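Fair warning: this is a prediction, and the values are worked out from it, not measured in the lab.
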Amino acid sequence: MPSRADILTAVIGGSGLYRLFDPAAAEQLEVSTPFGSAEISVGTLAGRRVAFLTRHGAHHSVPPHRINYRANIWALRLLGVRSIVSSSAVGGISADYPPGVLVVTDQFIDRTHGRADTFFADASVQHLPAADPFCPELATIARRVLREAGEDFRETGTVVVVQGPRFSTRAESLWYRAAGADIVNMTLYPEVPLAAELNMGTVNLSFVTDRDAGVVEATSDPGQESVTSDLVFDRLAAAQPRIVAAIEAIVRAIPGDYEPRELIAPAAVDAVLAEAAR
């Protein structure tokens with residue numbers, strides 16, 4: 001296994017981002033965890049050693065509710081990762097978040113169910129502070145990088161995370177927007193709080209592919225374009241060079257001495273890691 005000391009940043013690829021490195025120049029790992037194994041490639045990005053995993057598998061074979069989030073996050077922690085840059089495909093449910101814009105997501109609303117969403121479910125009970133679930137320092141870096149690149153992006157965004165794999169009804173889209181969501185996604189929960197439980201910082205870059213169920217205003221014509229998987233993947237394919245360039249720039253800008261927030265006492269994290277490793 002590569003040295004933990006030099007893999008400080010990971011990239012988690014969402015829909016459409018299934019490879020980050022040239023396979024010939026990357027090391028392919030299968031990392032064992034108490035929750036199953038995780039497939040990770042390690043290569044060079046922005047002059048740094050970076051771990052990469054794709055949420056849905058190399059051929060988009062894993063649906064959102066079947067992703068082994070705990071194994072993925074645990075494996076990255078084992079490799080020594082401190083910061084995670086993730087990409088996501090999202091639908092826009094606010095008129096201010098049209099298709100084609102990038103979003104530095106800073107809040108989520110969880111509408112999933114039945115997903116294993118904590119590492120502290122047994123002997124040690126820990127209550128994760130979650131007012132700011134994404135790392136504010138990493139988000140500030142991402143915003144600066146995107147501004148300097150002249151990107152069309154939104155500096156903040158609240159994502160409602162739905163169970164999937166189906167898309168929303170029109171009524172649900174209106175409901176989510178009324179609840180304060182700007183965009184909708186299927187995978188950011190429980191990925192983000194799990195990383196926070198192990199004291200890793202996350203920043204998310206979402207790409208708006210569609211207008212979800214096609215409802216932007218309450219009086220909108222229901223005949224508007226609504227989301228389909230073909231639409232999502234076509235737009236993601238066209239945007240991939242832009243998304244990867246933004247991820248690379250963010251990774252480059254993360255300081256080598258970046259220290260994530262300690263949202264859970266380090267001793268509690270060490271204890272759960274040690275207990276589960278037995």
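- A salt bridge does not link Arg261 with Glu137: none of the charged nitrogens is closer than 4.0 Å to a carboxylate oxygen.
- Taking each heavy atom of Phe153 and Val104 in turn, the nearest pair found is CD1-CG2, 4.1 Å.
- For Phe21 against Ala26, the heavy-atom pair with the smallest separation is CB-CB, 3.9 Å.
- Under 4.0 Å is where a charged nitrogen must lie from a carboxylate oxygen, and between Glu151 and Arg147 no such pair does.
- No side-chain heavy atom of Leu20 sits less than 4.5 Å from a side-chain heavy atom of Glu248.
- Side chain of Thr118 to backbone of Ala121: no donor-acceptor contact under 3.5 angstrom is found.
- Proximity of a side-chain donor or acceptor of Ser61 to a complementary backbone N or O of Gly57 within less than 3.5 Å is not detected.
- Around CD of Gln126, the count of heavy atoms belonging to other residues, nucleotides or ligands within 6.0 Å exceeds 12.
- Val208 and Val160 are members of different hydrophobic clusters when ILVMFWY side chains are connected at heavy-atom separations under 4.5 Å.
- You'll find the side chain of Ile67 reaches within 4.5 Å of the side chain of Thr187, heavy atoms only.
- Between Val50 and Thr44, every side-chain heavy-atom pair lies at or beyond the 4.5 Å cut-off.
- At least one donor-acceptor pair closer than 3.5 Å links the side chain of Asp110 to the backbone N or O of Thr112.
- Between Phe167 atom CZ and Glu172 atom CD the span is 12.5 Å, to the nearest 0.5 Å.
- Ser88 places no side-chain N or O within donor-acceptor distance of the main-chain N or O of Val90, the cut-off being under 3.5 Å.
- Taking each heavy atom of Leu76 and Ala51 in turn, the nearest pair found is CD2-CB, 4.1 Å.
- Looking at heavy atoms from C-beta onward, Leu102 lies out of side-chain contact with Arg154 at the 4.5 angstrom threshold.
- Here the closest heavy-atom approach between residue Ser87 and residue Arg55 is recorded as O-NH1, 2.8 Å.
- The hydrophobic clustering, which links ILVMFWY residues whose side-chain heavy atoms are closer than 4.5 Å, places Leu194 and Leu53 together.
- Listed by chain and number, the residues in a ring-ring contact (aromatic ring centres under 6.0 Å, His included) with Phe108 are Tyr189 (sequence neighbours excluded).
- The CD atom of Glu155 sits 10.0 Å away from the CG atom of Asp106 when rounded to the nearest 0.5 Å.
- Using a 4.5 Å cut-off on side-chain heavy atoms (C-beta onward), Ser83 and Val203 make no contact.
- For the atom pair CD1 of Ile84 and CZ of Arg77, the computed distance is 10.5 Å after rounding to the nearest 0.5 Å.
- For Glu27 and Ser41, the side-chain atoms include no donor-acceptor pair closer than 3.5 Å.
- The CG atom of Asn72 sits 11.5 Å away from atom CZ of Arg70, with the distance rounded to the nearest 0.5 Å.
- Residues Val159 and Ile109 form no side-chain contact, since every pair of their non-hydrogen atoms from C-beta on lies 4.5 Å or further apart.
- The closest donor-acceptor contact from the side chain of Arg115 to the backbone of Gln163 lies under 3.5 Å.
- Arg82 places no side-chain N or O within donor-acceptor distance of the main-chain N or O of Pro260, the cut-off being under 3.5 Å.
- Inter-residue side-chain proximity for His56 and Pro64 is flagged as met; some heavy-atom pair is nearer than 4.5 Å.
- For Arg111 (side chain) and Val161 (main-chain N/O), no donor-acceptor pair under 3.5 Å exists by modelled atom type.
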(request) Please report the C-alpha distance between Phe119 and Phe35 in whole Å, then the side-chain angles of each, then the deciding distance to 0.1 Å, and finally whether the ring pair (Phe, Tyr, Trp, His ring centres under 6.0 Å) criterion is met. (result) CA-CA 10 Å; Phe119 293 113; Phe35 313 101; 5.6 Å; yes
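- Interatomic distance, OG1 of Thr209 versus CG of Asp234, reported as 10.5 Å (0.5 Å rounding).
- Under the 4.5 Å side-chain heavy-atom criterion for Ile, Leu, Val, Met, Phe, Trp and Tyr, Val81 and Trp74 are members of the same hydrophobic cluster.
- Side chain of Arg211 to main chain of Pro99: no donor-acceptor pair is present (N/O by atom type, distance under 3.5 Å, no hydrogens or angles).
- Note that the CD1 atom of Ile183 and the CD1 atom of Ile93 stand 8.5 Å from one another [nearest 0.5 Å].
- By the rule that hydrophobic residues join a cluster once side-chain heavy atoms approach within less than 4.5 Å of another member, Leu128 and Phe134 end up as members of separate clusters.
- Using a 4.5 Å heavy-atom cutoff, the side chains of Ile254 and Val85 are in contact.
- A donor-acceptor pair is defined here as one N or O able to donate and one able to accept, closer than 3.5 Å; no such pair exists between the side chain of Asp152 and the backbone of Gly100.
- Residues Cys135 and Tyr258 share a closest heavy-atom pair of SG-OH, 3.2 Å.
- Taking each heavy atom of Leu188 and Pro193 in turn, the nearest pair found is O-CD, 4.3 Å.
- Residue-environment remark: CZ (Arg66) stays at or below the threshold of 12 foreign heavy atoms within 6.0 Å.
- Judged by distance alone, with hydrogens and angles left aside, the side-chain atoms of Arg48 form a donor-acceptor pair with the main-chain N or O of Val251 at under 3.5 Å.
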